[in-house]
Novice: 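Please read through the structure below; I'll follow up with questions.
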Amino acid sequence: MTMNRVSVDAAAVQLFHSLADPARLEIVRLLGHGERRVVDLTGELGLAQSTVSGHLSCLRNAGLVEPHPHGRSTFYALVRPELWALLSAAEDVLAATGSPARLCPDGVGAAHAPHADAVPHAEAGHRARPDASAPATRPGQVH
(Lines give C-alpha, C1' and ligand atoms only; values in the text may rest on other atoms or scores of the structure.)
Protein backbone atom coordinates (compact mmCIF):
# COMPACT_ATOMS: atom_id res chain seq x y z
CA MET A 1 0.00 0.00 0.00
CA THR A 2 2.85 2.39 0.71
CA MET A 3 4.21 1.87 -2.81
CA ASN A 4 0.89 2.88 -4.40
CA ARG A 5 0.66 5.94 -2.17
CA VAL A 6 4.18 7.01 -3.12
CA SER A 7 3.53 6.59 -6.86
CA VAL A 8 0.26 8.55 -6.65
CA ASP A 9 1.99 11.29 -4.71
CA ALA A 10 4.88 11.35 -7.21
CA ALA A 11 2.47 11.82 -10.12
CA ALA A 12 0.70 14.66 -8.31
CA VAL A 13 4.01 16.27 -7.42
CA GLN A 14 5.12 16.07 -11.06
CA LEU A 15 1.86 17.67 -12.24
CA PHE A 16 2.03 20.54 -9.77
CA HIS A 17 5.77 20.98 -10.29
CA SER A 18 5.14 21.38 -14.01
CA LEU A 19 2.79 24.28 -13.24
CA ALA A 20 4.97 25.81 -10.49
CA ASP A 21 7.06 28.02 -12.77
CA PRO A 22 5.84 31.37 -14.15
CA ALA A 23 7.28 30.64 -17.62
CA ARG A 24 5.57 27.23 -17.78
CA LEU A 25 2.26 28.78 -16.75
CA GLU A 26 2.68 31.35 -19.51
CA ILE A 27 3.49 28.58 -22.01
CA VAL A 28 0.26 26.85 -21.01
CA ARG A 29 -1.67 30.11 -21.48
CA LEU A 30 -0.09 30.66 -24.91
CA LEU A 31 -0.75 27.08 -26.01
CA GLY A 32 -4.33 27.58 -24.87
CA HIS A 33 -4.71 29.81 -27.91
CA GLY A 34 -3.28 27.19 -30.28
CA GLU A 35 -0.22 25.20 -31.25
CA ARG A 36 3.15 26.93 -31.23
CA ARG A 37 6.72 26.15 -32.24
CA VAL A 38 9.62 26.58 -29.83
CA VAL A 39 10.79 29.58 -31.87
CA ASP A 40 7.33 31.19 -31.50
CA LEU A 41 7.43 30.67 -27.74
CA THR A 42 10.98 32.02 -27.40
CA GLY A 43 9.91 35.21 -29.18
CA GLU A 44 6.75 35.63 -27.13
CA LEU A 45 8.43 34.86 -23.80
CA GLY A 46 11.80 36.50 -24.43
CA LEU A 47 13.60 33.36 -23.23
CA ALA A 48 16.43 31.32 -24.72
CA GLN A 49 15.51 28.36 -26.92
CA SER A 50 17.14 25.94 -24.49
CA THR A 51 15.11 27.36 -21.60
CA VAL A 52 11.81 27.07 -23.50
CA SER A 53 12.72 23.53 -24.60
CA GLY A 54 13.40 22.59 -20.98
CA HIS A 55 10.05 23.99 -19.88
CA LEU A 56 8.27 22.11 -22.68
CA SER A 57 10.05 18.93 -21.62
CA CYS A 58 8.76 19.37 -18.07
CA LEU A 59 5.20 19.96 -19.33
CA ARG A 60 5.54 16.97 -21.64
CA ASN A 61 6.73 14.71 -18.79
CA ALA A 62 3.62 15.74 -16.85
CA GLY A 63 1.47 14.70 -19.82
CA LEU A 64 0.18 18.21 -20.51
CA VAL A 65 1.72 18.92 -23.92
CA GLU A 66 2.84 16.87 -26.87
CA PRO A 67 4.91 17.67 -29.95
CA HIS A 68 3.60 17.32 -33.49
CA PRO A 69 6.10 17.44 -36.35
CA HIS A 70 5.00 19.42 -39.39
CA GLY A 71 7.68 19.31 -42.06
CA ARG A 72 10.90 20.59 -40.56
CA SER A 73 9.11 22.25 -37.63
CA THR A 74 7.69 20.81 -34.46
CA PHE A 75 4.56 22.33 -32.99
CA TYR A 76 3.53 21.86 -29.36
CA ALA A 77 -0.08 21.58 -28.25
CA LEU A 78 -1.94 21.07 -25.00
CA VAL A 79 -3.47 17.61 -24.72
CA ARG A 80 -5.34 17.73 -21.41
CA PRO A 81 -8.55 19.78 -21.60
CA GLU A 82 -9.05 19.04 -17.89
CA LEU A 83 -6.24 21.53 -17.26
CA TRP A 84 -8.67 24.44 -17.73
CA ALA A 85 -10.88 23.21 -14.90
CA LEU A 86 -7.80 22.83 -12.65
CA LEU A 87 -6.50 26.32 -13.46
CA SER A 88 -9.96 27.84 -13.09
CA ALA A 89 -10.29 26.20 -9.65
CA ALA A 90 -6.86 27.56 -8.73
CA GLU A 91 -8.02 31.05 -9.78
CA ASP A 92 -11.03 30.64 -7.44
CA VAL A 93 -8.82 29.51 -4.54
CA LEU A 94 -6.40 32.39 -5.09
CA ALA A 95 -9.26 34.91 -5.24
CA ALA A 96 -10.72 33.49 -2.02
CA THR A 97 -7.36 33.93 -0.27
CA GLY A 98 -7.11 37.55 -1.42
CA SER A 99 -4.50 36.91 -4.11
CA PRO A 100 -6.45 36.92 -7.38
CA ALA A 101 -4.58 35.75 -10.47
CA ARG A 102 -5.39 35.00 -14.10
CA LEU A 103 -4.11 31.53 -14.94
CA CYS A 104 -6.37 30.62 -17.87
CA PRO A 105 -6.25 32.37 -21.24
CA ASP A 106 -8.77 35.20 -21.54
CA GLY A 107 -12.32 33.93 -21.76
CA VAL A 108 -11.44 30.46 -20.53
CA GLY A 109 -12.61 29.04 -17.24
CA ALA A 110 -14.68 26.31 -15.72
CA ALA A 111 -17.72 27.40 -17.75
CA HIS A 112 -15.76 26.89 -20.97
CA ALA A 113 -13.75 23.83 -19.94
CA PRO A 114 -15.17 20.48 -20.95
CA HIS A 115 -16.14 18.23 -18.05
CA ALA A 116 -13.42 15.62 -17.45
CA ASP A 117 -15.90 12.74 -17.81
CA ALA A 118 -16.94 13.96 -21.25
CA VAL A 119 -13.43 14.36 -22.62
CA PRO A 120 -11.74 11.43 -24.35
CA HIS A 121 -8.21 10.78 -23.18
CA ALA A 122 -5.43 11.88 -25.56
CA GLU A 123 -6.91 10.62 -28.78
CA ALA A 124 -4.92 10.88 -31.99
CA GLY A 125 -5.41 14.30 -33.51
CA HIS A 126 -7.05 15.80 -30.39
CA ARG A 127 -5.72 19.19 -29.35
CA ALA A 128 -6.94 20.75 -26.14
CA ARG A 129 -8.03 24.33 -26.64
CA PRO A 130 -10.09 26.74 -24.59
CA ASP A 131 -13.06 26.98 -26.96
CA ALA A 132 -14.10 23.59 -28.28
CA SER A 133 -16.40 25.26 -30.83
CA ALA A 134 -13.47 27.08 -32.43
CA PRO A 135 -11.58 25.33 -35.20
CA ALA A 136 -8.28 23.75 -34.20
CA THR A 137 -5.34 26.00 -34.89
CA ARG A 138 -3.13 24.42 -37.49
CA PRO A 139 0.44 25.41 -38.29
CA GLY A 140 0.52 28.54 -40.38
CA GLN A 141 -2.92 29.76 -39.28
CA VAL A 142 -3.35 32.96 -37.36
CA HIS A 143 -4.83 32.41 -33.92
Side-chain angles (χ1 to χ4, degrees), residues 1-70 73-139 141-143:
M1 186 158 148
T2 303
M3 188 57 126
N4 288 339
R5 173 101 173 126
V6 170
S7 64
V8 170
D9 289 349
V13 167
Q14 184 175 18
L15 170 66
F16 287 108
H17 170 76
S18 73
L19 299 172
D21 183 277
R24 287 193 292 272
L25 276 175
E26 187 59 22
I27 288 171
V28 167
R29 288 172 50 107
L30 290 169
L31 293 179
H33 292 290
E35 296 180 342
R36 295 232 181 0
R37 300 172 299 164
V38 172
V39 68
D40 301 327
L41 293 169
T42 59
E44 291 174 284
L45 297 168
L47 298 173
Q49 181 272 329
S50 60
T51 301
V52 171
S53 292
H55 287 313
L56 287 167
S57 177
C58 181
L59 291 167
R60 187 176 178 191
N61 289 338
L64 300 178
V65 302
E66 65 183 14
H68 303 281
H70 296 280
S73 296
T74 299
F75 285 76
Y76 285 83
L78 295 174
V79 294
R80 301 295 348 145
E82 301 89 348
L83 182 57
W84 303 124
L86 175 67
L87 293 178
S88 180
E91 287 178 352
D92 293 345
V93 169
L94 289 168
T97 63
S99 303
R102 294 293 312 159
L103 302 176
C104 297
D106 294 335
V108 177
H112 295 89
H115 189 274
D117 293 339
V119 177
H121 293 283
E123 295 176 5
H126 177 73
R127 304 289 176 276
R129 56 186 190 281
D131 183 1
S133 65
T137 304
R138 303 310 306 152
Q141 284 185 330
V142 177
H143 14 268

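Heavy atoms only: backbone and side chains are in, while hydrogens, waters and symmetry mates are out.
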Novice: Starting from the C-alpha separation in whole Å, work towards a yes-or-no answer on side-chain contact (heavy atoms from CB on, under 4.5 Å) for H70 and E35.
Specialist: CA-CA 11 Å; H70 296 280; E35 296 180 342; 3.9 Å; yes
Novice: Answer whether the closest heavy-atom distance between the side chains of L86 and L19 falls below 4.5 Å.
Specialist: yes
Novice: What's the verdict on side-chain contact (heavy atoms from CB on, under 4.5 Å) for V28 and L31, showing C-alpha distance, side-chain angles and the deciding distance?
Specialist: CA-CA 5 Å; V28 167; L31 293 179; 5.9 Å; no
Novice: Would you check, one step at a time, whether the test ring pair (Phe, Tyr, Trp, His ring centres under 6.0 Å) holds for F75 with H68?
Specialist: CA-CA 5 Å; F75 285 76; H68 303 281; 9.2 Å; no
Novice: Show me, pair by pair, the donor-acceptor contacts under 3.5 angstrom made by side chains of residues 53-64, not counting sequence neighbours?
Specialist:
from: S53; atom 1: OG; to: Q49; atom 2: O; distance (Å): 3.1
from: S53; atom 1: OG; to: Q49; atom 2: NE2; distance (Å): 2.7
from: H55; atom 1: ND1; to: R24; atom 2: NH1; distance (Å): 3.1
from: N61; atom 1: ND2; to: S57; atom 2: O; distance (Å): 3.3

Novice: Would V52 and T42 count as a side-chain contact (heavy atoms from CB on, under 4.5 Å) if you check the C-alpha gap in whole Å, the side-chain angles of each, and the deciding distance to 0.1 Å?
Specialist: CA-CA 6 Å; V52 171; T42 59; 3.6 Å; yes
Novice: Tell me the closest heavy-atom pair linking W84 and C104, and the distance in Å.
Specialist: O-SG, 3.8 Å
Novice: Side-chain contact, heavy-atom cut-off 4.5 Å: V65 with V79?
Specialist: no
Novice: If every non-hydrogen atom of R102 is compared with every non-hydrogen atom of R29, which pair is closest and at what distance?
Specialist: O-NH1, 2.9 Å
Novice: Nearest 0.5 Å, what's the OG1-CZ distance between T74 and R36?
Specialist: 16.0 Å
Novice: What is the distance from atom CG of D92 to atom CG of L103, rounded to the nearest 0.5 Å?
Specialist: 10.0 Å
Novice: Working to the nearest 0.5 angstrom, can you tell me the gap between E66 CD and Y76 OH?
Specialist: 11.0 Å
Novice: Closest heavy-atom contact between L47 and A23?
Specialist: CD1-CB, 3.8 Å
Novice: Can you tell me how far CG of L78 sits from NE2 of H33, rounded to the nearest 0.5 angstrom?
Specialist: 10.5 Å
Novice: Out of curiosity, L30 CG to L25 CG, how far, rounded to the nearest 0.5 Å?
Specialist: 11.0 Å
